[in-house]
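Step one of this worksheet: look at the structure below.
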Amino acid sequence: MGNHGSNLDDILAEDMHHWYNKFMRESPSGLITLFELKAILNLKGMNEDANSYVEQVFFTFDMDGDGYIDFVEYIAAISLMLKGEINQKLKWYFKLFDQDGNGKIDREELETIFSAIQDITRNRDIDPEEIVSLIFEKIDVKGEGEMTLEEFIEGAKGHEDIMDILKNLMDLTPVLVIIVEGRTGQELKN
């Protein structure tokens, strides 16, 4: 993670009162809608895959499924992304990847998510198809073309290169920094 370490440590070190103030400044109602999340992150003109990914992130953070991210969900999500145990993070990734909610992830779901992430981050260093092929080659040992949560967690933990790819691709630090610092930097650019 390199340079992100100190930023994340600083973010985590802030007290709850400070976090709450930032959250309430962005969303005075105490609830963030999907539309507000997109506005906070200044995401306009995204392709359909990227838009779908942001929606999937939102619904993954919306733990009670009420259509809003409240303060507790907000803190829980940020805490998980910054300092969660590896099993927790892998479960979160799996839930994010499993777009149809059938309890399995397939090649198409992974390619869609990885392409969307690249569209948002503008980081196109690796072809999503290559990443997905590598993941399925190493993790989908039965060759079924899909993985369960258990297969995904055990397979990812068993291959350091897969874990590195996931950590780099799924690094939400830029998103968290925007949320934490607020829209001020984005508003100045517009």
Side-chain angles (χ1 to χ4, degrees), residues 8 11 19-20 22-123 128 131-132 135 139 146-153 156 165-183 186:
L8 298 183
I11 290 170
W19 274 107
Y20 184 73
K22 286 180 178 187
F23 179 82
M24 292 306 289
R25 192 167 47 243
E26 285 302 318
S27 185
S29 70
L31 301 169
I32 295 176
T33 64
L34 176 58
F35 179 79
E36 288 169 327
L37 179 65
K38 288 179 181 179
I40 289 168
L41 299 176
N42 198 29
L43 300 175
K44 298 175 192 139
M46 294 183 299
N47 71 25
E48 195 174 317
D49 285 347
N51 198 48
S52 172
Y53 169 71
V54 172
E55 289 173 9
Q56 190 78 3
V57 168
F58 179 85
F59 294 122
T60 304
F61 284 170
D62 178 17
M63 295 168 200
D64 62 7
D66 66 355
Y68 300 95
I69 297 174
D70 62 29
F71 181 67
V72 172
E73 291 167 330
Y74 169 79
I75 290 298
I78 289 174
S79 179
L80 167 67
M81 295 314 301
L82 298 181
K83 63 178 185 175
E85 295 296 317
I86 194 62
N87 277 6
Q88 291 174 307
K89 286 186 179 185
L90 287 172
K91 282 179 186 173
W92 188 84
Y93 295 161
F94 185 88
K95 185 176 176 186
L96 188 62
F97 297 152
D98 183 17
Q99 293 179 300
D100 61 10
N102 71 351
K104 296 180 179 183
I105 51 177
D106 59 34
R107 288 177 178 268
E108 189 177 321
E109 286 173 317
L110 274 184
E111 280 182 32
T112 299
I113 290 292
F114 292 154
S115 295
I117 291 168
Q118 288 182 337
D119 190 54
I120 291 167
T121 62
R122 308 281 188 251
N123 177 1
I131 299 167
V132 171
I135 289 172
I139 297 179
E146 57 186 19
M147 291 176 271
T148 63
L149 174 63
E150 294 75 25
E151 288 173 316
F152 177 71
I153 289 175
I165 288 170
L166 289 172
K167 283 179 193 170
N168 289 334
L169 268 177
M170 302 304 294
D171 179 11
L172 293 182
T173 304
V175 172
L176 296 177
V177 168
I178 291 169
I179 291 171
V180 168
E181 292 177 355
R183 279 184 257 191
Q186 297 295 328

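Along the sequence shown, residues carry numbers from 1.
By the 6.0 Å contact criterion, CZ on Phe59 is enclosed, its count of non-hydrogen atoms from other residues, nucleotides or ligands being greater than 12. The number of heavy-atom neighbours closer than 6.0 Å to NZ of Lys91, taken from other residues, nucleotides and ligands shown, is 12 or below.
Between Phe94 and Phe152, the two ring planes are tilted [angle within 30° to 60°].
With rounding to the nearest 0.5 Å, the separation of CG in Leu34 from CG in Asp62 is 10.0 Å. For the atom pair CD (Glu151) and CD (Glu146), the distance works out to 8.5 Å, reported to the nearest 0.5 Å. Taking CG of Leu149 as the reference point, atom NZ of Lys104 lies at 12.5 Å (rounded to 0.5 Å). In this structure, Asn87 CG and Ile153 CD1 are separated by 5.5 Å, a value rounded to the nearest 0.5 Å. To the nearest 0.5 Å, atoms CG (Leu110) and CD1 (Ile139) are separated by 8.5 Å. Summarising the geometry, atom OH belonging to Tyr93 is positioned 11.5 Å from atom CD belonging to Gln88; distances are rounded to the nearest 0.5 Å.
The residue from Asp106, Asp98, Ile135 that alone fulfils the side-chain contact (heavy atoms from CB on, under 4.5 Å) condition with Met147 is Ile135.
Using a 4.5 Å heavy-atom threshold, the side chains of Phe58 and Phe35 count as separate.
In this structure, the side chain of Glu111 does not engage the main chain of Val132 through any donor-acceptor pair within 3.5 Å.
The two atoms that bring Leu90 and Leu166 nearest to each other are CD2-CD1, 4.0 Å, heavy atoms only. Residues Gly30 and Met24 share a closest heavy-atom pair of CA-SD, 3.7 Å. Heavy-atom minimum distance, Leu96 versus Ile113: O-CD1, 3.8 Å.
Annotation: Trp92 is not in aromatic contact with Phe97 [ring centroid separation under 6.0 Å not met].
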